[in-house]
J.: 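The structure is given below, and queries will be raised subsequently.
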Amino acid sequence: MPEENEELRKKQIRAVGGRRPVYHLFQLPSPVRRIFDKFPLKTYPANDLPRRSPPIGHFDTLHIFTTQEGALQHAPSFNPACLKWQAYLKFSGIEFKTISSNNHASPTGILPFLTPKSFSPSASSSQPISSNKILKWVSSRSDTVPERVSGMRYEAYRSLIDHRIRRAWLLTLYLDERNSEVVAKQLYIYPTSSNAIVQLSLYHQLKQAARDELLKTASYIREDEVYLEADNAFAAISTLLGDDVYFFGNDRPSLFDANIFAYTHLLLDESLNWQETRLADSLNKKENLVQHRQRILTGYFDRHNAL
């Protein structure tokens, strides 16, 4: 054996013109290479994606706050920001799947975000679409985009939702102890981690974030005032709807309809097990808003409309 190795070494030196061969850093030594020549490594195919993963090339995918079961059933998200765009995509006639996600999975740190369908796993066209770009993306993709409403009147009513109603939502979900213990923890805390310390930390972070948001427009939080402003906002929006089917006289729901539905549906959703119902009680007095919520829920979110 030593004689064979020496002879092999001399042949290698002669093959490179009398100079000792230079081995690549990752080149296998000859004895090891001979072993692998006799027993080659076998490369197995990649595992299939989990069954709950959306099939590549078939549907656009909206990443939202929801449960695994809710994602499979295309059920409404339990988060207003996510539900708004989930509803709007349905209004626009775009076929899409929903997937349970969280802020840590989002490229921008905020849900929702959308991944367009692609025909290969490495397609560059599958760059995620953040929530502030979904409206533009829908306009470029759908031939049945709901009619856009704009102008000062529209902005004034939209502000009532984005500020007065949203402030009351933050108060009732995160800062009311009865709801925060039963509803917020079930939706946002327990699914995130089973570690008690992590759960406690996340719980305090959510409450503090809600408190900070409410203190942006006031030196301290006046609960009665926040709820009164929300009640007045619901009254104004109810007057705006009147006897119409959808807002601003449209024959189809628009982004404004999606925006108000994102709150009215969740406040009236008994499955969330609300403990403090002051905000929901205020909404229940506006019969046309209750009917508007049910109309969208039945028309766009029942199981027959799920993909």
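Please read these numbers as outputs of a predicted model, since none were measured by experiment.
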J.: Any sub-3.5 Å donor-acceptor pair from Thr98's side-chain atoms to Ala71's backbone N or O?
T.: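 The answer is yes, because a donor-acceptor pair under 3.5 Å joins these two groups.
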J.: Using the six-membered ring wherever Trp is involved, compare the ring planes of Trp274 and Trp169 and label them parallel, tilted or perpendicular (cut-offs 30° and 60°).
T.: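 Taking Trp169 first and then Trp274, their aromatic rings stand perpendicular (interplane angle over 60°).
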J.: On a heavy-atom basis, which atom in His63 and which in Thr115 lie closest, and how many Å separate them?
T.: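 Shortest heavy-atom separation between His63 and Thr115 comes out as NE2-OG1, 3.2 Å.
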J.: Could you tell me the separation between the CG atom of Leu200 and the CD atom of Gln205, rounded to the nearest 0.5 Å?
T.: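 The distance works out to 10.0 Å.
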J.: Looking only at heavy atoms, what is the nearest atom pair of Ala262 and Pro80, with distance?
T.: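 It is CB-O, 3.3 Å.
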J.: Which of these, Lys97, Lys117, Arg141, sits in a salt bridge (Lys or Arg N to Asp or Glu O under 4.0 Å) with Asp60?
T.: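 One option only clears the test, and that one is Arg141.
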J.: Rounded to the nearest 0.5 Å, how far apart are CG of Asp244 and CG of Asn250?
T.: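 With rounding to 0.5 Å, CG (Asp244) is 9.0 Å from CG (Asn250).
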J.: Looking at Ser282 and Arg278, would you say the former's side chain and the latter's main chain have a donor-acceptor pair under 3.5 Å?
T.: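 Side chain of Ser282 to backbone of Arg278: no pair is present.
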J.: So do the side chains of Phe234 and Leu279 get within less than 4.5 Å of each other, counting heavy atoms only?
T.: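 A side-chain contact exists here, since the closest heavy-atom pair is under 4.5 Å.
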J.: Determine yes or no for a side-chain-to-main-chain donor-acceptor pair under 3.5 angstrom, with Asn102 supplying the side chain and Ala105 the backbone.
T.: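 Confirmed, Asn102 side chain pairs with Ala105 backbone.
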J.: Hey, are the side chains of His292 and Leu241 touching, using non-hydrogen atoms and a 4.5 Å cut-off?
T.: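 The answer is yes, as the side chains (C-beta and beyond) meet within the 4.5 Å cut-off.
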J.: Hey, what's the ring geometry for Tyr154 with Phe248, parallel, tilted or perpendicular (30° and 60° as the breaks)?
T.: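 Tilted, since the angle between the ring planes falls between 30° and 60°.
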J.: Is there a donor-acceptor pair closer than 3.5 Å between any side-chain N or O of Thr298 and the backbone N or O of Gln294?
T.: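 Indeed, once roles are kept as given, a pair shorter than 3.5 Å links the two residues.
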J.: Could you check whether any side-chain N or O of Asp212 sits under 3.5 Å from a backbone N or O of Ala209, counting only pairs where one atom can act as donor and the other as acceptor?
T.: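 No: the side chain of Asp212 does not pair with the backbone of Ala209.
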J.: Would you check, one step at a time, whether the test salt bridge (Lys or Arg N to Asp or Glu O under 4.0 Å) holds for Lys286 with Asp231?
T.: CA-CA 10 Å; Lys286 315 314 187 275; Asp231 182 66; 3.2 Å; yes
J.: So, Asp281 and Thr277: side-chain donor and acceptor under 3.5 Å apart, yes or no?
T.: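 A donor-acceptor contact under 3.5 Å links the two side chains.
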J.: Any chance you could lay out the side chain to side chain contact (heavy atoms under 4.5 Å, CB included) test for Thr217 and Arg167, step after step, and finish with the verdict?
T.: CA-CA 10 Å; Thr217 56; Arg167 282 168 52 82; 2.7 Å; yes
J.: Are Ile165 and Leu215 connected in the hydrophobic side-chain network, where two residues link if heavy atoms are under 4.5 Å apart?
T.: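 Result: yes, single cluster for both.
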J.: Treating Arg295 as the side-chain partner and Val245 as the backbone partner, does any N or O pair qualify as donor plus acceptor under 3.5 Å?
T.: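 Yes; at least one donor-acceptor contact below 3.5 Å.
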J.: How about Gln86 and Phe301: do any of their side-chain heavy atoms sit closer than 4.5 Å?
T.: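 Answer yes - side chains close enough.
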J.: Taking all non-hydrogen atoms of both residues, which atom of Phe113 and which atom of Leu111 are closest, and how far apart?
T.: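 Nearest heavy atoms, Phe113 then Leu111: CD2-CD2, 3.7 Å.
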J.: Only counting residues at least two apart or in another chain, list the ones meeting side-chain hydrogen bond (donor to acceptor under 3.5 Å, both in side chains) with Arg211.
T.: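 Residues passing side-chain hydrogen bond (donor to acceptor under 3.5 Å, both in side chains) with Arg211: Gln208.
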J.: As an exercise, state the distance from OH of Tyr188 to CG of Leu202, rounded to the nearest 0.5 Å.
T.: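 Tyr188 OH to Leu202 CG: 13.0 Å, rounded to 0.5 Å.
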J.: Output yes when a side-chain donor or acceptor of Glu276 lies under 3.5 Å from a complementary backbone atom of Glu177, and no otherwise.
T.: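 No: the side chain of Glu276 does not pair with the backbone of Glu177.
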J.: Would Leu83 and Tyr263 count as a side chain to side chain contact (heavy atoms under 4.5 Å, CB included) if you check the C-alpha gap in whole Å, the side-chain angles of each, and the deciding distance to 0.1 Å?
T.: CA-CA 9 Å; Leu83 183 52; Tyr263 289 98; over 6 Å; no
J.: Do you see a donor-acceptor pair shorter than 3.5 Å between the side chains of Asn79 and Ser77?
T.: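 Result is no, nothing qualifies.
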J.: Compute whether any side-chain donor of one residue and acceptor of the other, for Glu155 and Ser159, lie under 3.5 angstrom apart.
T.: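 Absent: no donor and acceptor within the cut-off.
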J.: Checking Asn179 against Leu272 for the side chain to side chain contact (heavy atoms under 4.5 Å, CB included) test, could you report, in this order, the C-alpha distance in whole Å, the side-chain angles of both residues, the deciding distance, and whether it holds?
T.: CA-CA 10 Å; Asn179 286 333; Leu272 294 182; over 6 Å; no
J.: Could you report the tightest heavy-atom contact between Asn232 and Arg164, atom names first, then the distance?
T.: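 Heavy-atom minimum between the residues: CB-NH1, 4.4 Å.
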J.: Given side chain to side chain contact (heavy atoms under 4.5 Å, CB included), test Ile129 with Trp85 step by step and report yes or no.
T.: CA-CA 12 Å; Ile129 309 296; Trp85 291 111; over 6 Å; no
J.: If I take atom CD1 from residue Ile64 and atom NZ from residue Lys84, how far apart are they, to the nearest 0.5 angstrom?
T.: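 Taking CD1 in Ile64 and NZ in Lys84, the distance rounds to 15.0 Å.
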J.: Compare all side-chain heavy atoms of Thr66 with those of Cys82 and state whether any distance is below 4.5 angstrom.
T.: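 Side-chain contact under 4.5 Å: no.
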J.: Using modelled atom types only, decide if a donor and an acceptor are shared between the side chain of Asp257 and the backbone of Phe247 within a distance under 3.5 Å.
T.: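 Yes.
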J.: Do Leu206 and Tyr190 belong to the same hydrophobic cluster, where Ile, Leu, Val, Met, Phe, Trp and Tyr are linked whenever their side-chain heavy atoms lie under 4.5 Å apart, directly or via other members?
T.: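 Hydrophobic grouping puts Leu206 with Tyr190.
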J.: Between Phe256 and Tyr246, does the ring centroid distance fall short of 6.0 Å?
T.: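 That pair fails the under 6.0 Å test.
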J.: Would you check if the side chain of Gln275 reaches a backbone N or O of Asn273 as a donor-acceptor pair within less than 3.5 Å?
T.: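 Side chain of Gln275 to backbone of Asn273, a donor-acceptor pair under 3.5 Å: yes, one is there.
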J.: Walk me through it: do Asn132 and Ser130 pass the test side chain to side chain donor-acceptor pair (under 3.5 Å)?
T.: CA-CA 6 Å; Asn132 63 342; Ser130 58; 2.5 Å; yes
J.: Do Pro191 and Thr67 touch side chain to side chain, with heavy atoms closer than 4.5 Å?
T.: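 Not in contact.
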J.: Measure the CG-CZ distance between Leu214 and Arg166 for me, rounded to the nearest 0.5 Å.
T.: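 Rounded to the nearest 0.5 Å, the CG-CZ separation comes to 8.5 Å.
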J.: Answer yes if the side chains of Asn103 and Ser106 hold a donor-acceptor pair under 3.5 Å, and no otherwise.
T.: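 Not at all, the side chains of Asn103 and Ser106 share no donor-acceptor pair under 3.5 Å.
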J.: Taking the side chain as everything from C-beta on, heavy atoms only, tell me whether Val198 gets closer than 4.5 Å to Thr192.
T.: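 The answer is no; the side chains never approach within 4.5 Å.
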J.: When rounded to the nearest 0.5 angstrom, what distance separates CG in Leu267 from CG in Leu173?
T.: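 If we round to the nearest 0.5 Å, Leu267:CG and Leu173:CG are 9.5 Å apart.
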J.: Taking side-chain hydrogen bond (donor to acceptor under 3.5 Å, both in side chains) as the definition, give me every residue that meets it alongside Ser271, ordered by chain and number, with sequence neighbours left out.
T.: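 Ser271: side-chain hydrogen bond (donor to acceptor under 3.5 Å, both in side chains) contacts with Asp269.
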J.: Count I, L, V, M, F, W, Y as connected when their side-chain heavy atoms are under 4.5 Å apart, and connections chain through other members. Are Ile110 and Tyr88 then in the same cluster?
T.: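 No, it is not one cluster - the side chains of Ile110 and Tyr88 are not joined through contacts under 4.5 Å.
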J.: Determine whether the side chains of Tyr203 and Glu181 contain a donor N or O and an acceptor N or O closer than 3.5 Å.
T.: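 Yes, a side-chain donor-acceptor pair sits under 3.5 Å.
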J.: Any donor-acceptor pair under 3.5 Å linking the side chain of His74 with the backbone of Phe96?
T.: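 At least one qualifying donor-acceptor pair exists.
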J.: Is there a side-chain contact between Leu170 and Leu175 (heavy atoms, below 4.5 Å)?
T.: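 Side chain of Leu170 against side chain of Leu175, heavy atoms only: no contact under 4.5 Å found.
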J.: Might you point out which heavy atoms bring Tyr174 and Ser180 nearest each other, and give the distance in Å?
T.: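 Taking every non-hydrogen atom into account, O-CB, 3.3 Å.
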J.: On the ring face of Tyr157, is Arg153 found with NZ or CZ under 6.0 Å from the centre and within 45° of the axis?
T.: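 No cation-pi geometry.
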J.: Could you check, using the six-membered ring where one of them is a Trp, whether Phe261 and Phe91 have ring centers closer than 6.0 angstrom?
T.: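 No; Phe91 has its ring centre 6.0 Å or more from that of Phe261.
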